[in-house]
Amino acid sequence: MADLVLNETRDGVSVLTLNRPEKLNALNYALIDRLLAVLDDVEVDGSIRAVILTGAGERAFSAGGDIHEFSASVARGADVAVRDFVLRGQRLTARLEAFRKPVIAAVNGIAFGGGCEITEAVPLAIASDRALFAKPEINLAMPPTFGGTQRLPRLAGRKRALELLLTGDWFPPPRALELGLVNQVVPHSDLMPAAHDLARRIITHSPAALASILTAVARGINLSIADGLLVEAEQFARMAPTADLREGLGAWIERRKPSYDGSWTHIARPDEARRASLRLDRAAGQGKASR
């Protein structure tokens, strides 16, 4: 049996491919569970700095939930359907939204229902000019269940989101770009190169700093500005004693390219922190003298 999620890692970027092309990469329970397990492995693998998520085949990113499987759960009652389908899908999109490494959706074709909700949840997305988006759950007499009633209004605004949610109409990549669902639209042949280029531009930076930014945005976006600023300050406080921040400051002062070790290594003892500060002060003084 083919693996439901293909995983190819190169140069610190893991490409995860939803692999049910014969079913338009529909999200059955086994695929969702497998993707969650792969994300767990990726998160703790220090050699992986970013993730690109795409779909197998030429037709679809993901056509959404597996309706035949979902229908069987509905037939067993609301509690079973909520447990098996709704909560499983919400667990996936919440995981992607809060993932502490950058995730880029490379939307290579149809992104309907759950496929659209994955695109809404990930931090970044690039669409092929062949992509197609829709919120078609209304055609089944149900609301979206993987977070679509919550994330799309936050991205696109209440009225624009409701038009899509209440009609089920499909919309093309330029509309997805206008709504804030994707970051850019590229020719189909340029999709994966564009996703890799974006990943490369991101992973030159400190992994710890990237994780702090992702966490601050994910946690703060739905808070008041005052509470969000507290989250931002908390994330800075986590970074303040790290070796990565010392390296970033030192590299800037010394006018060199920083070299991060990719860990949350902290300067644990006050004497080490003082020595590091003195080194930075000396470097800053030398820089001023040379100018």
Side-chain angles (χ1 to χ4, degrees), residues 7-16 39-53 95-106 122-126 183-184 186 190 192-221 228-291:
N7 184 359
E8 180 182 355
T9 300
R10 187 180 65 206
D11 300 328
V13 179
S14 183
V15 178
L16 306 183
L39 289 170
D40 286 344
D41 291 339
V42 166
E43 187 174 48
V44 298
D45 188 335
S47 68
I48 298 174
R49 304 281 304 281
V51 175
I52 296 172
L53 182 62
R95 186 83 169 95
L96 291 166
E97 184 174 50
F99 205 64
R100 287 177 63 79
K101 296 181 180 181
V103 180
I104 303 165
V122 295
L124 300 159
I126 299 175
N183 296 86
Q184 55 181 301
V186 299
D190 293 341
M192 295 308 292
H196 278 284
D197 176 68
L198 178 57
R200 281 192 296 271
R201 286 155 48 206
I202 290 169
I203 65 176
T204 60
H205 302 293
S206 157
L210 294 175
S212 292
I213 291 169
L214 289 165
T215 299
V217 172
R219 286 177 51 192
I221 197 167
L229 290 172
L230 291 176
V231 172
E232 182 175 272
E234 173 193 286
Q235 289 303 307
F236 169 76
R238 291 194 68 196
M239 285 299 302
T242 63
D244 273 8
L245 180 55
R246 299 288 177 181
E247 171 64 11
L249 292 171
W252 188 90
I253 290 169
E254 297 162 14
R255 299 184 180 183
R256 60 174 173 81
K257 184 177 180 180
S259 177
Y260 301 113
D261 67 6
S263 72
W264 281 89
T265 304
H266 286 63
I267 298 175
R269 295 194 298 274
D271 59 330
E272 292 181 4
R274 283 194 294 272
R275 285 197 295 271
S277 293
L278 287 171
R279 285 195 300 271
L280 290 175
D281 289 343
R282 283 195 295 272
Q286 291 167 359
K288 289 178 182 177
S290 66
R291 291 193 290 270

Original post:
Side chains of V15 and H196: closer than 4.5 Å at any heavy-atom pair?
Top reply: yes
Subject >> D244 and P207, any side-chain heavy atoms less than 4.5 Å apart >> reply: yes
**OP:** Go through the steps to decide whether D41 and N7 satisfy the test side-chain contact (heavy atoms from CB on, under 4.5 Å), and finish with yes or no.
**Re:** CA-CA 11 Å; D41 291 339; N7 184 359; over 6 Å; no
Original post:
Taking everything shown except I221 itself, do over 12 heavy atoms lie less than 6.0 Å from its CD1?
Top reply: no
Original post:
Around R256, counting heavy atoms of other residues, nucleotides and ligands shown, do more than 12 lie under 6.0 Å from its CZ?
Top reply: yes
Subject >> Pairing of D40 and R95 as salt bridge, 4.0 angstrom limit >> reply: yes
[atom1]/[X] to [atom2]/[Y] distance, rounded to the nearest 0.5 angstrom?
| X | Y | atom1 | atom2 | answer |
| --- | --- | --- | --- | --- |
| L229 | E234 | CG | CD | 12.5 Å |
| E232 | T215 | CD | OG1 | 12.5 Å |
| I202 | K101 | CD1 | NZ | 14.0 Å |
| D190 | I126 | CG | CD1 | 10.5 Å |
| D11 | R200 | CG | CZ | 8.0 Å |
| L16 | I48 | CG | CD1 | 8.0 Å |

Considering all heavy atoms of both residues, which atom of [X] and which atom of [Y] are nearest to each other, and what is their separation?
| X | Y | result |
| --- | --- | --- |
| V42 | S14 | CG2-OG, 4.2 Å |
| V51 | F99 | CG2-CE2, 4.2 Å |
| L245 | F236 | CD2-CE1, 4.4 Å |
| A216 | Q235 | CB-CG, 3.9 Å |
| A98 | A218 | CA-CB, 4.4 Å |
| L210 | I203 | CD1-CA, 4.5 Å |

**OP:** Go through the structure and list residues passing salt bridge (Lys or Arg N to Asp or Glu O under 4.0 Å) with R201, not counting sequence neighbours.
**Re:** D197
**OP:** Return yes if some donor-acceptor pair links the side-chain N/O of R49 with the main-chain N/O of H205 below 3.5 Å, else return no.
**Re:**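 Such a contact is found between R49 side chain and H205 backbone.
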Original post:
Got a donor-acceptor contact below 3.5 angstrom from the E247 side chain to the S259 backbone?
Top reply: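 Flag set: sc E247 to bb S259 pair under 3.5 Å.
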